[in-house]
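Just so you know, these numbers come straight off a predicted model, no measurement behind them. Naming: A, B, ... by sequence-line order, numbering from 1 per chain.
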Amino acid sequence: DNEAGRYKESYSKLRNWVHSSLDLYKTELLRILYPVFVHCYMELVAKGFAQEAREFFQSFRDDHQPQHIRDLQKLEGVITPQHLQENETACTLQENKVHVKMCQYSFELLLQYLQSTESMLMLGIVNSHINLKAVLPGQPAALLDDDESSSLPAKVQAVVEATNQKEIHWGILEGSLEDKFEKQIAAELEKADADKDAETDEAKKRAADGKVKKVKRDKAGKGLKAEPAARSVPRLKPELTMPLLTDDFERQALDDLRNRVKLGSTALPSVSCYTFVNTNNSLNCASISADGAYLAGGFSDSAIKLWDMVKMGEPSMYSDAGKQSLNKRPTPIRHYIRLVGHAGPVYGVDFSPEGDSLLSASGDCTIRLWSTRLNANLACYKGHNYPVWDVQYSPVGHYFASASYDRTARVWSMDRLQPLRIMAGHLSDVDCVQWHVNCNYIATGSSDKTVRLWDVQTGECVRIFTGHRSMIVSIAMSPDGLFMASGDEDGAIMMWDLASSRCVTPLLGHTGCVWSLAFSGEGSILASGSADNTVRLWDVNGSSKVTADKTRRLRLLKTLPTKSTPIYTLRFSRRNLLFVAGAFSPSKGH
Amino acid sequence: MSIVPKETIHVIAQSIGISNLHDDVAAALAPDVEYRMREIMQEAIKCMRHSKRSVLTTDDVNTALSLRNVEPLYGFASGDPLRFRRAVGHSDLFFIDDRELDCKEITEAPLTKAPLDTAVMAHWLAIEGIQPAIPENVPIDPLSAPPEVKKSDIPGLKPDQMTVDLKLPVKHVLSRELQLYFEKITELIVTGADDVLLKDVFASLATDSGLHPLVPYFTQFIADEVTRGLNDLPLLFSLMRVARSLLLNPHIHIEPYLHQLMPSVVTCLVAKRLGGKNFVNHWELRDFTATLIAFICKRFGHAYYNLQTRVTKTLLHAFLDPKRAMTQHYGAVKGIAALGSKLVRLLILPNLEVYINLLLPEMSSQDQANELKRYEAIRVYGALQAAAGNCIYEMLQSAPPSKKKPANNKSQSTTRKDVDGDASMHEEDGADDKDEGVKRRRRALSEAWKEDVEVGDLINSLVDLFGEGMLPFIPMREMSKCIL
């Protein structure tokens with residue numbers, strides 16, 4: 001019985017020693033406490049001291065609660081040696097060494113302590129499970145740097161480092177709308193220049209007073225010309241075959257881009273809020289079409305409801321004539337269309353860029369394609385073996401990606417019932433998926449607290465982003481393809497540089513799950529919608545221009561509270577109007 | 001050691017037919033049960049997150065169970081929190097209090113109201129980054145308290161109470177022309193210009209299209225001047241005519257200011273004294289104001305359904321209060337009469353007899369020595385007579401009296417009244433006849449407000465009360481039918 005008691009004794013001794021050490025080195029030494037604690041517990045369990053393990057766990061869990069609550073919750077139930085082999089968290093902890101970086105002096109202090117007290121138990125745990133690295137000879141390292149790596153197993157760390165060396169092309173696509181728009185502008189400028197030249201030729205002939213005018217015009221022309229050149233983003237040839245856009249749509253989209261409101265820290269967007277009422281907690285997800293005309297909601301009763309916001313003002317649009325004649329009573333007028341087909345809760349809906357079709361992901365393991373013109377189901381994509389959590393159209397349409405409980409993300413095209421690619425690699429559920437603007441990559445967020453970037457062509461993982469402390473629930477890509485933002489369950493948002501896979505800056509402020517993120521059309525503002533009933537607007541330009549300067553952080557521009565409406569989704573229209581949607585859920589006093 | 005006690009394992013074992021489960025087995029199973037339960041809850045929480053909720057429901061648990069290929073738990077689909085009860089005799093055994101329901105009860109129960117259907121509302125959460133102050137948005141923090149000066153203005157008010165009712169000062173720009181116009185008009189009215197000029201003023205007020213910005217100033221002006229100039233009859237008359245002109249102007253949207261205007265108008269109708277000297281002809285002003293009130297009620301009654309009821313309530317109070325002056329009674333009667341014969345039937349006729357009885361002594365030269373008061377009483381009598389007469393006239397126009405009723409004994413009583421002086425001649429048979437006549441009259445009057453009342457009876461009663469003064473109001477045809 002003494003063996004079990006010794007674990008507790010030596011751990012508490014180590015803990016006391018760390019807490020009474022010099023403040024300068026304390027922060028570093030504290031980092032080994034959590035891995036030692038976890039392994040003590042697991043060894044106790046492995047040796048069959050269930051009762052003692054539980055006691056040990058309860059007496060020290062408060063120390064680690066704030067940082068590792070989710071892991072602790074998962075480990076808490078592990079009592080028998082058999083559980084150790086089953087539990088996902090326990091397995092990864094056992095199989096991998098944990099990296100702990102500390103300065104030379106702290107390292108020596110620790111070793112000295114372990115040897116002098118002859119606590120062989122502790123020394124054994126440190127030896128077998130912790131990879132102590134004495135990195136800096138003199139000064140203690142900066143806290144932030146190590147925070148992320150300390151919680152990450154060593155093997156994964158190595159994989160991360162290897163994958164993040166791979167080259168990626170983050171430019172925007174040749175022939176995309178943005179590209180076409182800029183070309184059009186350039187062409188117009190050239191034309192204007194030509195006109196001007198002709199004019200000035202005439203003017204020259206006329207009189208000297210024309211000179212002044214000419215100079216002015218030239219200046220204006222140059223100013224306009226310089227703008228697109230300054231923020232030029234590399235153009236890429238598409239790796240996938242791109243669907244053709246209809247002329248009508250293209251014209252309209254280009255027109256929208258032309259009329260886009262310029263946003264910035266001084267010019268905030270207008271926000272239109274769509275509030276679902278009387279949902280009785282059954283709304284799972286929502287999506288807004290690019291022009292804000294359609295609104296779709298996925299419900300837990302397997303139905304999808306589709307609202308045409310343009311027709312909302314007009315009464316009796318959808319009174320069902322057939323039914324009316326059958327039972328004489330006037331049927332109550334519904335202002336939405338009910339799309340029925342799924343056999344499980346609908347967890348994700350997304351509109352195509354043109355707004356003519358809708359994809360839905362459901363708990364019945366299928367993805368369905370619906371037409372908003374015909375109000376009918378067009379196709380059912382089967383492939384996932386477990387509930388599909390999220391689905392998203394590619395920026396050009398036709399292709400779409402899905403994320404599932406089965407730990408894979410899949411890429412599909414509308415014309416095939418089988419997936420084109422299966423991205424496997426996440427260690428837990430894939431919870432959300434987001435296309436890169438150039439359609440060559442998809443980003444996935446997972447319950448394993450990482451975000452991964454996958455090459456659509458090869459299906460390989462090209463980037464792993466670590467740093468979140470809980471499940472990732474939303475991702476957004478900046479329009480220039482350089483940055484990515486991801487939001488997690490705890491309300492933290494992280495802004496990543498895709499090229500270097502480093503976190504540019506964490507955005508803290510939300511107190512609930514960040515359900516949705518969106519960049520404005522030209523990428524100057526990031527909007528986030530959260531379960532804490534707020535929409536927040538962040539200034540992106542501040543940091544993205546000076547990435548080298550680490551001190552520059554993203555600034556919170558504005559917090560817009562809603563009336564007890566958690567924001568489920570938000571998106572910028574092509575003209576930079578921000579649409580947000582959420583279900584009104586007044587809190588009931590229990 | 002496990003949060004699942006051994007006893008629970010025993011109970012579960014018994015429920016599936018294993019009665020002799022060994023203690024060690026139960027102890028070994030308990031931690032595993034706990035672990036599996038935690039696992040299921042983790043999955044359920046995952047489902048809850050993907051349903052974007054913050055409260056775990058039984059559906060989430062069922063989804064989690066089916067993810068693990070376990071049969072879901074049926075019968076827990078209720079949205080209410082489950083009520084557990086302690087089992088008798090067991091300190092740590094709980095069960096759900098699940099009442100047995102009779103199918104008949106359910107089928108025969110009235111249908112409950114269908115829950116409201118899901119709907120979507122749209123509003124502006126922000127316009128260019130600024131949240132508009134609309135009910136759909138979270139209320140904006142109240143403005144900070146204004147400078148100290150204001151607090152000292154209102155003694156006895158706590159500083160925190162001050163902030164409650166603050167409104168932003170509204171900037172309101174009046175053009176120079178409008179200011180001049182307003183000054184000129186008010187000056188003319190206060191100083192009392194000649195009739196021709198005033199006529200032009202009223203015509204201008206009633207037709208000019210650009211006066212809307214001045215409406216609040218005019219209503220304020222009327223209210224101020226009425227309270228100040230109660231002794232100045234020409235001024236009051238002018239003010240009422242201003243009000244009338246403003247009401248007539250089709251370009252003015254006066255509704256928001258009605259509440260300011262009404263008190264002044266009602267004052268001009270039922271005030272105790274209007275005009276300084278006693279013999280000034282304030283009756284004319286009251287008559288004019290009565291028609292003005294009727295006009296207001298007719299025009300805005302549909303928008304403010306309680307406008308007319310409030311006005312009539314005020315008037316009725318004035319009419320039924322014997323302590324009020326005769327002038328006030330006159331105004332009230334005139335006002336009610338102007339509002340229509342229906343109100344006269346409803347409010348005046350049932351009270352008529354009692355009132356006339358009180359009024360008669362005031363009118364006779366023996367009882368009332370004061371010449372002025374007697375004159376006032378006679379005016380009220382006249383007003384009542386006109387009101388009742390017009391009322392009966394309209395009733396006869398719309399619904400002629402039934403022919404069944406013979407008019408024999410009524411003619412008797414009429415003639416008796418007519419030859420008032422000779423009443424003593426019929427002393428003997430007139431006694432009970434008179435008694436009966438009084439009863440009938442009372443009944444007729446008190447039932448006057450009913451739709452189906454006998455018009456004939458009513459006419460006779462009124463003639464009883466007013467004498468031949470009533471006759472001009474009754475068309476010849478009807479008179480021949482029911483009175484003679």
Side-chain angles (χ1 to χ4, degrees), chain A residues 50-51 54 73-74 76-80 82-83 267-281 283-285 295 297 300 305 307 309 312 332 334-336 345 347 363 386-387 389 405 429 431 447 471 473 489 512-513 515 531 535 537 557-558 560-563 566 568 580 590, chain B residues 1-4 27-43 45-55 57 59-60 62-64 66-69 79 81 114-132 134-140:
Chain A
Q51 180 92 40
R54 182 53 62 90
Q73 278 171 354
K74 281 175 192 153
E76 199 177 2
V78 178
I79 304 181
T80 65
Q82 197 195 347
H83 295 159
L268 295 177
S270 296
V271 188
S272 174
C273 182
Y274 293 149
T275 313
F276 290 86
V277 292
N278 306 322
T279 57
N280 300 318
N281 273 335
L283 183 71
N284 286 352
C285 57
L295 176 66
S300 55
K305 290 174 186 173
W307 277 267
M309 301 309 286
M312 232 198 10
R334 277 216 222 106
H335 290 279
Y336 59 82
Y347 290 118
Y386 280 102
W389 294 135
Y405 177 91
D429 297 27
D431 296 298
S447 293
M471 160 185 164
V473 289
E489 206 184 355
C513 298
W515 291 134
V535 175
L537 302 172
L557 288 175
K558 187 97 185 169
L560 302 167
T562 63
K563 237 182 188 175
Y568 286 10
V580 306
H590 288 295
Chain B
M1 98 194 183
S2 163
I3 56 165
V4 181
L29 276 173
D32 200 53
V33 169
E34 184 196 338
Y35 180 72
R36 301 295 158 201
M37 263 163 53
R38 281 179 186 277
E39 224 175 33
I40 296 293
M41 291 329 279
Q42 292 279 352
E43 298 287 296
I45 288 168
K46 214 178 255 176
C47 294
M48 174 190 86
R49 285 276 175 249
H50 282 285
S51 298
K52 297 195 168 54
R53 268 183 278 109
S54 50
V55 179
T57 64
D59 282 342
D60 291 328
N62 276 348
T63 316
S66 60
L67 274 177
R68 294 266 151 168
N69 282 326
L116 291 169
D117 200 5
T118 312
V120 170
M121 331 256 258
H123 75 273
W124 287 106
L125 184 65
I127 293 169
E128 292 179 352
I130 314 285
Q131 282 198 290
I134 47 174
E136 287 89 345
N137 281 336
V138 176
I140 302 157

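- Atom OG of S270(A) sits about 5.5 Å away from atom CH2 of W124(B), to the nearest 0.5 Å.
- Nearest heavy atom pair, residue T118(B) against residue Y336(A), reads O-CE2, 3.5 Å.
- T275(A) places none of its side-chain heavy atoms less than 4.5 Å from the side chain of V120(B).
- Partners of K558(A) according to the salt bridge (charged side-chain N to carboxylate O under 4.0 Å, His left out) rule, which considers only residues two or more places apart in sequence or in another chain, do not exist here.
- Contact of T57(B) with chain A is not made at all, since no heavy-atom distance falls under 4.5 Å.
- The nearest pair of heavy atoms linking G77(A) to Y35(B) is O-CD1, 3.3 Å.
- There is no contact between L537(A) and chain B, counting heavy-atom distances below 4.5 Å.
- The shortest heavy-atom contact between I79(A) and E34(B) is CD1-OE1, 3.4 Å.
- Nearest heavy-atom pair, L268(A) versus G129(B), reported as atom, atom and distance to 0.1 Å: CB-CA, 3.5 Å.
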- Can you check side-chain contact (heavy atoms from CB on, under 4.5 Å) on Y274(A) and L125(B), steps first, answer last? CA-CA 9 Å; Y274(A) 293 149; L125(B) 184 65; over 6 Å; no

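- Counting only heavy atoms from C-beta outward, the side chains of Y386(A) and L67(B) approach each other to under 4.5 Å.
- Using a 4.5 Å cut-off between heavy atoms, E128(B) contacts chain A through both its backbone and its side chain.
- Using a 4.5 Å heavy-atom threshold, the side chains of Q131(B) and P561(A) count as touching.
- No side-chain heavy atom of N278(A) sits under 4.5 Å from any side-chain heavy atom of P115(B).
- Listed by chain and residue number, E489(A) satisfy the side chain to side chain donor-acceptor pair (under 3.5 Å) test with R49(B) (two or more places apart in sequence, or in another chain).
- Two residues are said to be in side-chain contact when any heavy atoms from C-beta on lie closer than 4.5 Å; E39(B) and H83(A) fail this criterion.
- In terms of heavy atoms, Y405(A) sits closest to R68(B) at OH-NH2, 4.1 Å.
- Side-chain atoms of D429(A) and H50(B) form no donor-acceptor pair, as typed in the model, at a separation below 3.5 Å.
- I134(B) CD1 to K563(A) NZ: the interatomic distance, rounded to the nearest 0.5 Å, is 9.5 Å.
- In this structure, the portion of T80(A) lying under 4.5 Å from any heavy atom of chain B is its side chain and not its backbone.
- K305(A) touches chain B through its side chain: at least one heavy atom from C-beta onward sits under 4.5 Å away, while N, CA, C and O do not.
- Atom-to-atom distance recorded for T279(A):OG1 and L116(B):CG is 12.0 Å, nearest 0.5 angstrom.
- If you measure heavy-atom distances from V78(A) to chain B, the contacts under 4.5 Å come from both the backbone and the side chain.
- For the set R38(B), K52(B), K46(B), the count of heavy-atom pairs under 4.5 angstrom toward chain A peaks at K52(B).
- Interface remark: F276(A) contributes backbone and side-chain atoms alike to the contact with chain B (heavy atom separation under 4.5 Å).
- The heavy-atom pair separating Y347(A) from T63(B) by the smallest distance is OH-CG2, 3.9 Å.
- A 4.5 Å side-chain heavy-atom check between W389(A) and C47(B) finds at least one atom pair inside the cut-off.
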